[in-house]
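Here's the structure, in structure tokens; my notes come after.
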Amino acid sequence: WEGEVSIPEAYSEGVLALNSISLTPVSRFIAPWVPFALEQGRFGMEGRYRINWNDTLDYGISEGQASLSGLSLRPQDNHTLTDTSLAMDSLEVSGISLDGATQQVDIASVAVNGIQIEGWSEGERVSLVEMLVPALQASSGEPPIDEEEVSAESPWSLSLARATVRESGVSWRSEYT
């Protein structure tokens, strides 16, 4: 981190960088809540930030970039979800800018290299979805979320200028193959 923080003026700005952070410790923490095992992976990010909390909260990110490398996910339950995995050599997101006041995120490029997906579908079941999405818990007594209300309250927009996928593959089986 390199930057400035002023408590009296209620702001901070600077550059934050995290390089090649191992995701293995994170996998042990999230294991009780997710159906997948994060076998390996590394995360990195860098960008300029600004935040002002004086009168109203105002924040932004510029010149941002983020990366994942050497990612490998498998189901925690290999017996129920056989032949299911996701591995990726790298994911690079560059040219990230975020403006809290206008609720806009702009991304110049997303590049995926070497993603390998293995899975299957049988009837209503899709193994990859079961591996990646935690099962919904029994109702907590809270009313369901009204998606129309959320979208009316959250007018964030995202623009992506370029996306590429290289040297990747899918191995899939279903009742049709």
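Heavy atoms only: backbone and side chains are in, while hydrogens, waters and symmetry mates are out.
A side-chain donor-acceptor contact under 3.5 Å links Ser157 and Gln104. Under the 3.5 Å distance criterion, with hydrogens and angles disregarded, no donor-acceptor pair is assigned to the side chains of Arg48 and Ser62. With 3.5 Å as the limit, one finds no donor-acceptor pair spanning the side chains of Ser121 and Tyr176.
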Start with the C-alpha distance between Thr24 and Leu38, add both sets of side-chain angles, then the distance that settles side chain to side chain contact (heavy atoms under 4.5 Å, CB included), and finish with yes or no. CA-CA 7 Å; Thr24 304; Leu38 195 160; 5.6 Å; no

Side chain to side chain contact (heavy atoms under 4.5 Å, CB included) between Trp120 and Val126, intermediate numbers included: CA-CA 6 Å; Trp120 47 264; Val126 178; over 6 Å; no

Could you walk me through whether Leu98 and Trp156 pass the side chain to side chain contact (heavy atoms under 4.5 Å, CB included) check? CA-CA 10 Å; Leu98 178 146; Trp156 278 86; 4.2 Å; yes

Using the rule given for side chain to side chain contact (heavy atoms under 4.5 Å, CB included), can you reason through Thr80 versus Arg125, listing the C-alpha separation, both sets of side-chain angles and the distance that settles it, and then say yes or no? CA-CA 11 Å; Thr80 305; Arg125 293 186 68 198; 3.6 Å; yes

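Atom OH of Tyr59 is separated from atom OG of Ser12 by 15.5 Å, given to the nearest 0.5 angstrom. Summarising the geometry, atom CZ belonging to Arg42 is positioned 12.0 Å from atom CG belonging to Leu68; distances are rounded to the nearest 0.5 Å. Atoms CZ and CG, on Phe36 and Leu132 in that order, are 6.5 Å from each other to the nearest 0.5 Å. Atom CD of Gln40 sits about 5.5 Å away from atom OG of Ser72, to the nearest 0.5 Å. Interatomic distance, CG of Asp106 versus CD1 of Ile61, reported as 12.0 Å (0.5 Å rounding). Note that CG of Asp89 and OG of Ser69 are 9.0 Å apart. Values are rounded to the nearest 0.5 Å.
Of all the heavy atoms in Val133 and Pro35, the pair that sits closest is O-CG, 3.7 Å. Closest of all the heavy-atom pairs between Thr84 and Met131 is CG2-SD, 3.9 Å. Between Gln103 and Pro155, the shortest heavy-atom distance links the atoms OE1-CG, 2.9 Å. For the pair Ser85 and Arg74, the tightest heavy-atom approach, listed with the atom from each and the gap, is CB-NH1, 2.8 Å. Minimum heavy-atom separation, Trp1 to Leu16: CB-CD1, 4.2 Å. In this structure, Ile96 and Ala66 approach most closely via the heavy-atom pair CD1-N, 4.1 Å.
Counting non-hydrogen atoms of other residues, nucleotides and ligands closer than 6.0 Å to CD of Glu4 gives a total above 12. Residue-environment remark: CD (Glu2) stays at or below the threshold of 12 foreign heavy atoms within 6.0 Å. Arg173 CZ: more than 12 foreign heavy atoms inside a 6.0 Å radius.
Put simply, the side chain of Leu158 reaches to within 4.5 Å of the side chain of Ile107, judged on heavy atoms. In this structure, Asp99 and Arg50 have side chains that are in contact, with non-hydrogen atoms separated by less than 4.5 Å. Put simply, the side chain of Thr164 does not reach to within 4.5 Å of the side chain of Val112, judged on heavy atoms.
No donor-acceptor pair under 3.5 Å is formed between the side chain of Gln116 and the backbone N or O of Met88. Glu46 contributes no side-chain N or O that, together with a main-chain N or O of Leu18, makes up a donor-acceptor pair within less than 3.5 Å.
Under the 4.5 Å side-chain heavy-atom criterion for Ile, Leu, Val, Met, Phe, Trp and Tyr, Tyr11 and Leu57 are members of distinct hydrophobic clusters. Note on Val170: it clusters hydrophobically with Val165, by side-chain heavy-atom contacts below 4.5 Å among ILVMFWY residues. Clustering ILVMFWY residues whenever any of their side-chain heavy atoms sit less than 4.5 angstrom apart, transitively, puts Val15 in a cluster other than the one holding Ile21. Hydrophobic cluster membership is shared by Leu23 and Leu73, with clusters built from Ile, Leu, Val, Met, Phe, Trp and Tyr side chains linked at under 4.5 angstrom.
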